[in-house]
Trainee: 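Quick one: this structure, given as structure tokens, is what I'll be asking you about.
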Amino acid sequence: MFRKKKKKIPKGILTSSSLSVTCGDKVGILHKDKLCGGSTKCIFSNGIWMTPNEFQKHGRCQSYKNWKISIRCEGICLKELMRERYLNISKLPQTSKAKKNLEAPELPQTSKAVSNEDSNVDANKTVKLATSDVVPVQYTLPVSCGDFEGTLHVNRFGQGNCGKCIRTSNRWCTPLQFLALSGVPDSNTWDAQICVRGEPLNTLLQKKLLSLHDAGCCCDICTDCDSSQQNDDECSVCGDGGDLLCCEECPRAFHSNCHEPSTTAMESFSEPWICTFCKMQQMRKHSEPQQLLSCQYFLLHVLCDPNNELSIIQSKPKELDLLKKRLHEMEGGSGECPWNFISDVILTVIGAYPPQKREKVRGLLEKEFNQLMLS
């Protein structure tokens with residue numbers, strides 16, 4: 001019998017005033033000083049404040065019945081952090097000052113900053129603590145400049161010309177590059193031209209919802225302005241990092257077993273590797289897509305749904321494994337009708353939702369299916 005090894009808790013969880021937390025496929029920032037139970041707004045996610053109970057619902061993890069178990073930091077549930085005294089729940093109600101702070105929250109420290117507990121240490125120790133002990137920010141914000149849209153990854157944000165922190169549909173870029181792609185010539189006002197839900201970035205900077213690095217900052221983001229990295233740091237399917245296959249045509253990256261069809265690292269080195277999405281796009285330009293490719297594309301599209309409405313299929317692991325097995329058999333020439341396979345993918349996704357939401361999801365899937373048929 002194997003004994004499960006206890007996971008080591010990073011020291012940064014104890015020293016940082018804010019923690020990057022996850023629930024399901026959702027990411028947020030937990031402010032320790034605002035944690036006062038499951039009904040206090042202490043988690044900042046997707047541009048709004050949420051209570052732990054609301055964040056649990058946001059991550060579709062209500063089945064846990066306990067937010068202390070469903071919400072995790074560094075893969076460790078909050079209940080474990082509380083048991084080890086790395087996290088405490090305040091028994092005092094929020095003061096008016098604390099409530100006021102909800103309007104302008106302080107995000108976790110960047111690589112050049114430290115928590116309030118470490119503010120009295122000398123400068124040399126400050127840099128050392130900042131790079132090793134502080135839990136990084138890991139959430140995104142939708143940004144736009146005119147009609148051009150992208151996603152700002154806060155943990156990559158540095159300065160206007162440093163840090164490829166904005167992901168568009170086909171590339172990573174700095175704020176200045178994003179401004180140029182949108183067709184706006186004035187680079188001096190990038191923080192006023194780029195908006196988050198209609199609010200300029202400079203307003204978020206003033207409210208300390210974002211932290212602009214100093215001009216002389218020596219962190220990895222600000223000293224690597226000419227980085228050629230064009231791909232995501234996380235798998236487009238599961239959202240985890242690690243050994244990823246990077247597409248040569250788009251920013252997506254995948255674990256070899258997450259991609260459809262699954263592949264190996266050796267295949268990616270033998271020749272330039274492109275993902276199923278890009279293969280489908282190329283095929284649509286020149287000819288009718290192969291039926292097998294259409295099935296691979298449809299399942300991968302569902303798994304990677306950016307709105308997290310279709311990727312709920314991952315909550316049905318047994319059914320998903322059967323679908324992948326059938327797809328693998330089709331690759332071997334099983335002769336199964338591709339449209340029967342796609343129909344079963346649709347039914348599996350719909351079945352993962354409660355009855356009152358199934359019609360809406362059915363409409364989304366049928367729209368994607370019709371686009372596939374007409375291509």
Trainee: Check whether R197 reaches the backbone of P142 with its side chain - one donor and one acceptor, N or O, closer than 3.5 Å.
Mentor: no

Trainee: Considering only heavy atoms from C-beta outward, does the side chain of L299 approach that of L320 to under 4.5 Å?
Mentor: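 L299 vs L320: side chains touch.
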
Trainee: For L364, which residues count as a side-chain contact (heavy atoms from CB on, under 4.5 Å) partner, sequence neighbours excluded?
Mentor: E309, L310

Trainee: Measuring from K26:NZ to F55:CZ, what's the distance to the nearest 0.5 Å?
Mentor: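 It is 9.0 Å, given to the nearest 0.5 Å.
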
Trainee: Got more than 12 heavy atoms from elsewhere within 6.0 Å of CG, D243?
Mentor: no

Trainee: Taking all non-hydrogen atoms of both residues into account, name the closest pair between C77 and K68 and its distance.
Mentor: CB-O, 3.6 Å

Trainee: Identify whether the distance between the nearest side-chain nitrogen and carboxylate oxygen of R362 and E359 falls below 4.0 Å.
Mentor: yes

Trainee: With a cut-off of 6.0 Å (strictly less than), are more than 12 heavy atoms of other residues, nucleotides or ligands near CG of D321?
Mentor: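 Counting neighbours around CG of D321, more than 12 heavy atoms of other residues, nucleotides or ligands fall under 6.0 Å, so yes.
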
Trainee: Could you check E54 against K57 for salt bridge (Lys or Arg N to Asp or Glu O under 4.0 Å), going step by step and ending with a plain yes or no?
Mentor: CA-CA 5 Å; E54 290 171 341; K57 184 177 180 181; over 6 Å; no

Trainee: So, applying side chain to side chain contact (heavy atoms under 4.5 Å, CB included) with Q193, which one of L179, L201, N202 is it?
Mentor: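 That would be L179; it is the only one of L179, L201, N202 passing the side chain to side chain contact (heavy atoms under 4.5 Å, CB included) with Q193.
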
Trainee: With F341, which residues qualify under ring pair (Phe, Tyr, Trp, His ring centres under 6.0 Å), at least two apart?
Mentor: none

Trainee: Nearest 0.5 Å, what's the CD1-OG distance between I29 and S20?
Mentor: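 So the CD1 of I29 and the OG of S20 are separated by 4.5 Å.
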
Trainee: Can you check whether P338 reaches F298 side chain to side chain, under 4.5 Å on heavy atoms?
Mentor: no

Trainee: Is there a side-chain contact between S17 and K32 (heavy atoms, below 4.5 Å)?
Mentor: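 Result no, sub-4.5 Å side-chain heavy-atom pair not found.
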
Trainee: Test of understanding: clusters of I, L, V, M, F, W, Y form through side-chain heavy atoms closer than 4.5 Å, transitively. Do L347 and L303 belong to the same one?
Mentor: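 Different clusters: L347 never reaches L303 through Ile, Leu, Val, Met, Phe, Trp or Tyr contacts under 4.5 Å.
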
Trainee: Given the rule in the side-chain contact (heavy atoms from CB on, under 4.5 Å) test, do C145 and W190 qualify, once you have shown the distances and angles that lead to the verdict?
Mentor: CA-CA 9 Å; C145 185; W190 62 268; over 6 Å; no

Trainee: Does the side chain of I71 reach to within under 4.5 Å of the side chain of I43, using non-hydrogen atoms?
Mentor: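 SC-SC contact between I71 and I43 confirmed.
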
Trainee: Side-chain contact, heavy-atom cut-off 4.5 Å: L327 with L292?
Mentor: yes

Trainee: For Y297 and H301, take the angle between the two ring planes, folded into 0 to 90°, and tell me which bin it lands in: parallel under 30, tilted 30 to 60, perpendicular over 60.
Mentor: parallel

Trainee: Hydrophobic cluster membership, with links at side-chain heavy-atom distances under 4.5 Å among I/L/V/M/F/W/Y: are M280 and I274 in one?
Mentor: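 No, it is not one cluster - the side chains of M280 and I274 are not joined through contacts under 4.5 Å.
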
Trainee: Give a yes or no answer on whether the side chain of R156 reaches the backbone of K164 with a donor-acceptor pair at less than 3.5 Å.
Mentor: yes

Trainee: Does the S45 side chain pair with the main chain of V27, one donor and one acceptor, at a distance under 3.5 Å?
Mentor: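 Side chain of S45 to backbone of V27: a pair is present.
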
Trainee: Which heavy atom of N161 sits nearest a heavy atom of T174, and at what distance?
Mentor: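 Heavy atoms of N161 and T174 come nearest at O-CG2, 3.8 Å.
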
Trainee: From S70 OG over to Q56 CD, what is the distance, rounded to the nearest 0.5 angstrom?
Mentor: 3.5 Å

Trainee: How far does SG of C23 sit from CD1 of I69, to the nearest 0.5 angstrom?
Mentor: 11.5 Å

Trainee: When rounded to the nearest 0.5 angstrom, what distance separates SG in C165 from CD in Q159?
Mentor: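 Those atoms lie 11.0 Å apart.
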
Trainee: Walk me through it: do L35 and L78 pass the test side-chain contact (heavy atoms from CB on, under 4.5 Å)?
Mentor: CA-CA 11 Å; L35 179 60; L78 297 191; 5.6 Å; no

Trainee: For residues C73 and L81, determine if any side-chain heavy atom of one lies less than 4.5 Å from a side-chain heavy atom of the other.
Mentor: yes

Trainee: Could you tell me which residues satisfy side-chain hydrogen bond (donor to acceptor under 3.5 Å, both in side chains) with D214, sequence neighbours excluded, listed by chain and number?
Mentor: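 Listed in chain order: nothing, the list is empty.
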
Trainee: Rounded at 0.5 Å granularity, tell me how far CG in N257 sits from CG in L245.
Mentor: 9.5 Å

Trainee: If you count heavy atoms of other groups shown closer than 6.0 angstrom to NZ of K79, is the number above 12?
Mentor: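 Atom NZ in K79 is not packed in, count stays at 12 or less.
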
Trainee: Looking only at heavy atoms, what is the nearest atom pair of W273 and C246, with distance?
Mentor: CE3-O, 3.7 Å

Trainee: Taking all heavy atoms of C304 and all of S236, pick out the closest pair and write down the distance.
Mentor: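 Heavy-atom minimum between the residues: SG-O, 3.6 Å.
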
Trainee: Any chain of hydrophobic side-chain contacts (each under 4.5 Å) joining L322 to V349?
Mentor: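 No.
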
Trainee: Go through the steps to decide whether Q281 and E249 satisfy the test side-chain contact (heavy atoms from CB on, under 4.5 Å), and finish with yes or no.
Mentor: CA-CA 10 Å; Q281 188 175 15; E249 299 291 333; over 6 Å; no

Trainee: Quick check: do E199 and K207 have side-chain heavy atoms less than 4.5 Å from each other?
Mentor: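 A side-chain contact exists here, since the closest heavy-atom pair is under 4.5 Å.
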
Trainee: Looking only at heavy atoms, which two atoms of H213 and F157 are closest? And how far apart?
Mentor: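 So the two residues come closest at NE2-O, 3.3 Å.
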
Trainee: Who passes side-chain hydrogen bond (donor to acceptor under 3.5 Å, both in side chains) against T276, sequence neighbours left out?
Mentor: H259

Trainee: Output all residues satisfying side-chain contact (heavy atoms from CB on, under 4.5 Å) with T168, sequence neighbours left out; order by chain, then residue number.
Mentor: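 T168 satisfies side-chain contact (heavy atoms from CB on, under 4.5 Å) with F148, N170, R171, C173, F178 only.
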
Trainee: Side chains of N231 and L244: does their closest heavy-atom pair fall under 4.5 Å?
Mentor: no

Trainee: Inspect the surroundings of CD in E319 and state if more than 12 heavy atoms from other residues, nucleotides or ligands are less than 6.0 Å away.
Mentor: yes

Trainee: Within the side chain of S343, is there an N or O that forms a donor-acceptor pair under 3.5 Å with the backbone of W339?
Mentor: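 Here the side-chain-to-backbone pair does not exist.
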
Trainee: Please collect all ring-ring contact (aromatic ring centres under 6.0 Å, His included) contacts where either partner lies in residues 315-336, sequence neighbours excluded, each pair once.
Mentor: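 Not a single pair qualifies under ring-ring contact (aromatic ring centres under 6.0 Å, His included).
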
